[in-house]
Amino acid sequence: MIMQKTIRFFSVLLFLFGLSFAAGCQPDPHEEAGPGESPHVMGDVRETTTLHELPSFLQDYPAEVAQTYQEVSKHRELLAKIPCFCGCGQSVGHRNNLDCFIHQQSNDQITWDSHATTCGVCLEIAKESIQMKKSGTSDQKIRESIDQKYGNGFAEPTPTPAL
């Protein structure tokens, strides 16, 4: 009898802990976006700036993250050809690694996406791809390298068309 009560107590406690943890991972529905920002799926933020201006949400992150976003803005064509393996294709509808950083772009404006600020997979794929490009590696070889490295043990890739 005591054993059943103990098990029931810990089951309820575990359930409540799980519930509070899940609730803590969700965006605050009452939190308002700042100027130029709009709320995004899963708590990500979008902010529109000029082509050469980084979004203000990067102020809250290490300089390395902002540097990666800056490099992404210079290598948009490449990253549109590279899949992401963090699960964002299924969870938020991303089509490639570029979508983790940039929601949309026009001639002189970019709507940035904060998704990559909290995702090491997104950041690493972008950094590795850009580094290979700077060293003269072809887009095809970069794609093959990323597919090979992240193809096993990571989430489903984004539905990025093959090169």
Side-chain angles (χ1 to χ4, degrees), residues 22 24-29 31-163:
C25 294
Q26 300 301 315
D28 181 352
E31 185 177 318
E32 293 186 26
E37 299 177 351
S38 62
H40 183 213
V41 180
M42 302 295 287
D44 293 342
V45 172
R46 292 181 180 153
E47 181 180 340
T48 302
T49 69
T50 62
L51 183 61
H52 303 290
E53 181 184 2
L54 290 175
S56 64
F57 61 72
L58 290 175
Q59 295 172 5
D60 298 330
Y61 295 94
E64 181 181 356
V65 174
Q67 290 168 349
T68 302
Y69 269 76
Q70 185 69 53
E71 287 297 313
V72 164
S73 73
K74 298 173 188 174
H75 295 90
R76 297 184 309 273
E77 279 188 41
L78 168 65
L79 296 178
K81 301 174 188 175
I82 305 298
C84 188
F85 291 82
C86 79
C88 61
Q90 293 74 33
S91 65
V92 290
H94 288 174
R95 300 159 298 167
N96 50 54
N97 186 241
L98 181 64
D99 286 354
C100 302
F101 299 85
I102 296 175
H103 173 65
Q104 64 186 36
Q105 54 191 351
S106 65
N107 292 339
D108 60 345
Q109 289 196 325
I110 290 181
T111 300
W112 300 94
D113 194 310
S114 70
H115 178 82
T117 60
T118 58
C119 184
V121 174
C122 301
L123 290 168
E124 286 305 310
I125 289 172
K127 287 192 289 189
E128 290 171 22
S129 298
I130 291 167
Q131 184 178 24
M132 285 187 274
K133 183 71 170 182
K134 286 180 173 182
S135 70
T137 307
S138 72
D139 292 359
Q140 181 66 41
K141 292 288 184 190
I142 295 169
R143 171 69 185 260
E144 290 170 5
S145 176
I146 296 298
D147 285 345
Q148 182 178 10
K149 181 173 182 179
Y150 294 92
N152 292 316
F154 289 86
E156 275 297 308
T158 54
T160 311
L163 296 180

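If you read the sequence from its start, that first residue is 1, and numbering goes on from there. Keep in mind that what you see is a predicted model, and the values were worked out from it rather than measured.
The two residues A126 and T68 make their nearest non-hydrogen contact at CB-CG2, 4.3 Å. Contact detail for P55 and T49: the closest heavy-atom pair is CA-CG2, 4.0 Å. Shortest non-hydrogen contact noted between I142 and L78 is CD1-CD1, 4.0 Å. Contact between F101 and A116 at its shortest, heavy atoms only, is CE2-CB, 3.4 Å. Across all their heavy atoms, F85 and V121 have their closest contact at C-CG1, 3.9 Å. Listed here is the closest heavy atom pair of A155 and C86: CB-C, 3.6 Å.
Listed by chain and number, the residues in a side-chain hydrogen bond (donor to acceptor under 3.5 Å, both in side chains) with E64 are K127 (sequence neighbours excluded).
Among the candidates H94, R46, E47, H115, the single residue satisfying the side chain to side chain donor-acceptor pair (under 3.5 Å) test with H103 is R46.
Here L98 contributes atom CG and I125 contributes atom CD1; the two are 12.5 Å apart, rounded to the nearest 0.5 Å. For the atom pair CD of E128 and OH of Y150, the computed distance is 3.5 Å after rounding to the nearest 0.5 Å. Note that CG of N107 and OG1 of T50 are 13.0 Å apart. Values are rounded to the nearest 0.5 Å. With rounding to the nearest 0.5 angstrom, the CD1 atom of I102 is 4.0 Å from the CD1 atom of I110.
No side-chain heavy atom of T160 sits less than 4.5 Å from a side-chain heavy atom of I82. The shortest side-chain heavy-atom distance between K133 and D139 falls under the 4.5 Å cut-off. Between L79 and E71, the closest side-chain pair of non-hydrogen atoms is not below 4.5 Å. In this structure, the side chains of P83 and R143 come closer than 4.5 Å at one or more pairs of heavy atoms. Counting heavy atoms from C-beta outward, S129 and N97 have side chains that stay 4.5 Å or more apart. Counting heavy atoms from C-beta on, the side chains of C100 and C119 never come closer than 4.5 Å.
Ring geometry, W112 versus Y69: the interplanar angle falls from 30° to 60°, so the pair is classed tilted.
Q109 places no side-chain N or O within donor-acceptor distance of the main-chain N or O of T48, the cut-off being under 3.5 Å. Checking side-chain atoms of T137 against main-chain N and O of K141 turns up no donor-acceptor pair under 3.5 Å. Judged purely by atom type and a 3.5 angstrom limit, T158 uses its side chain to pair as donor or acceptor with the backbone of C84.
Judged purely by distance below 3.5 Å, without hydrogens or angles, the side chains of Q148 and E144 never pair a donor atom with an acceptor atom.
The stretch residues 90-100 participates, sequence neighbours left out, in these salt bridge (charged side-chain N to carboxylate O under 4.0 Å, His left out) pairs: R95-D99.
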Mind running side-chain contact (heavy atoms from CB on, under 4.5 Å) on L51 and R76 for me, showing each step along the way? CA-CA 11 Å; L51 183 61; R76 297 184 309 273; 3.4 Å; yes
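Within 6.0 Å of atom CD in Q131, 12 or fewer heavy atoms from other residues, nucleotides or ligands are found, so the atom counts as exposed in its surroundings.
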